[in-house]
Amino acid sequence: MRKIKLGRAFRSVSIVVMLLVLVSACKSGSHVVGSNAINNNNEVTAYAHKVLANAVTAKSITAKMKISLAIGDKNVSLSGNLRMKRGDVIQLSMTFPIVGEVCRMEFSPTDVLVIDRINTRYVKATYDQVDFLRSANLDYNVLESIFWNEVFYPGSTDVNKHLNEYSISTAGTHTLLNLTSAPKLDYAFLTITESALLDRLTVSSKDVNDSNNLVCVYDNFVKFENSKFPSHLKLTFAGEDRNYGLDISLSSLTNNSDWKAHTEVSDKYERIDPEKLFKNLIP
């Protein structure tokens, strides 16, 4: 009975991967109502620089993590740890009571590693070797920016070089940075005007026939290093067949870098094809 429950837990936890990459593959109806465009290039650049200046300067972030995953009318709650080293790795360790770590996900600039501790198997593949990652146009830069609560420019590690491609509009207490020049996707970064903190990300498909909807919301900002960092991240995805929600709460944030960035997989683990692991993730 326990093995069945643990198997379901791993399956549910693994959907986290799917939800994260859906940020780059879905259409969202989120927008700023009654917005006023800012056409002065100097104002656009000045405000964009203000938003970018809010990025934390820490090279590493570690935190304890609580995850609530909603799949239709079902919910799964797990604990774990988040560890990140800028430009190097994003590591999520998922734990189950008494048993310990049941799943580890590791994203690096070159590949993705997912370890299934329950069934002693793993996947290690480049982004273009996994169908849904490739079709989502996902790269490490985008994923890292999402976790670090930063404005990004797809395909580039230096957003400053592309600031002239963003448009800005204001509405109420918020300012929206829009990027519509990318070939397949539109990116909308909603910020709090007074603080210039990024509190919502929307990525929309240019395909009008794409009816999926995803919103990524940041809140509960806490003081961290030179700036503020969101201790709460919530993604909601309304799909064609069912709704999904991923709620991540962080605590005990530090800039500790004294940990091993890349996991070595035991020879006892079986390496399997990415699609074999991912194709049945969503129940």
Measuring from atom [atom1] of [X] to atom [atom2] of [Y], what distance do you get when rounded to the nearest 0.5 angstrom?
X: S68; Y: N75; atom1: OG; atom2: CG; value: 7.5 Å
X: F96; Y: C103; atom1: CZ; atom2: SG; value: 13.0 Å
X: R104; Y: M94; atom1: CZ; atom2: CE; value: 11.0 Å
X: L82; Y: S252; atom1: CG; atom2: OG; value: 12.5 Å
X: R83; Y: I61; atom1: CZ; atom2: CD1; value: 13.5 Å
X: N160; Y: L52; atom1: CG; atom2: CG; value: 5.5 Å

Return the minimal non-hydrogen interatomic distance between [X] and [Y], and the atom names on each side.
X: M65; Y: S93; value: CE-O, 4.1 Å
X: S257; Y: K85; value: O-NZ, 3.0 Å
X: Y47; Y: I192; value: OH-O, 3.6 Å
X: Y166; Y: L177; value: CD2-CB, 4.5 Å
X: T193; Y: K50; value: O-NZ, 4.1 Å
X: Y269; Y: D116; value: CE2-O, 3.6 Å

Co-members of the apolar cluster containing V89 [side chain, <4.5 Å]: W259
Is it true that a side-chain atom of [X] and a backbone atom of [Y] form a donor plus acceptor pair closer than 3.5 Å?
X: E225; Y: N255; result: no
X: N149; Y: V56; result: no
X: N226; Y: T57; result: yes
X: S108; Y: D111; result: yes
X: S231; Y: N220; result: yes
X: Y187; Y: L201; result: no
X: K66; Y: S77; result: no
X: N141; Y: F152; result: no
X: D186; Y: N178; result: no

With no hydrogens and no angle check, do the side chains of N256 and T62 hold a donor and an acceptor under 3.5 Å apart? no
Do T191 and T175 have side-chain N/O donor and acceptor atoms under 3.5 Å apart? no
Shared ILVMFWY cluster between L250 and V222, side chains joined below 4.5 angstrom?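 Cluster IDs for L250 and V222 differ.
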For a 4.5 angstrom cut-off between non-hydrogen side-chain atoms, does [X] reach [Y]?
X: T45; Y: N164; answer: no
X: Y122; Y: T263; answer: no
X: L198; Y: F221; answer: no
X: L113; Y: M105; answer: no

Give the C-alpha distance, both sets of side-chain angles, the deciding distance and a yes or no for side-chain contact (heavy atoms from CB on, under 4.5 Å) between V265 and I115. CA-CA 8 Å; V265 184; I115 303 176; 4.1 Å; yes
Apply side-chain contact (heavy atoms from CB on, under 4.5 Å) to the pair D247 and H232, showing each step before the final yes or no. CA-CA 8 Å; D247 195 294; H232 184 221; 2.8 Å; yes
Partners passing ring pair (Phe, Tyr, Trp, His ring centres under 6.0 Å) against Y153 (at least two apart in sequence or in another chain): H162
Before you tell me yes or no, could you show the steps for H174 and D199 under side-chain contact (heavy atoms from CB on, under 4.5 Å), namely the whole-Å CA-CA distance, both residues' side-chain angles and the distance that decides it to 0.1 Å? CA-CA 9 Å; H174 285 77; D199 74 344; 3.1 Å; yes
Which pairs pass salt bridge (Lys or Arg N to Asp or Glu O under 4.0 Å) with one or both residues in residues 141-167, sequence neighbours excluded?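 Non-adjacent pairs meeting salt bridge (Lys or Arg N to Asp or Glu O under 4.0 Å): R86-E150.
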Kindly determine whether H49 and L163 satisfy side-chain contact (heavy atoms from CB on, under 4.5 Å), including the steps that lead there. CA-CA 9 Å; H49 277 301; L163 291 183; 3.6 Å; yes
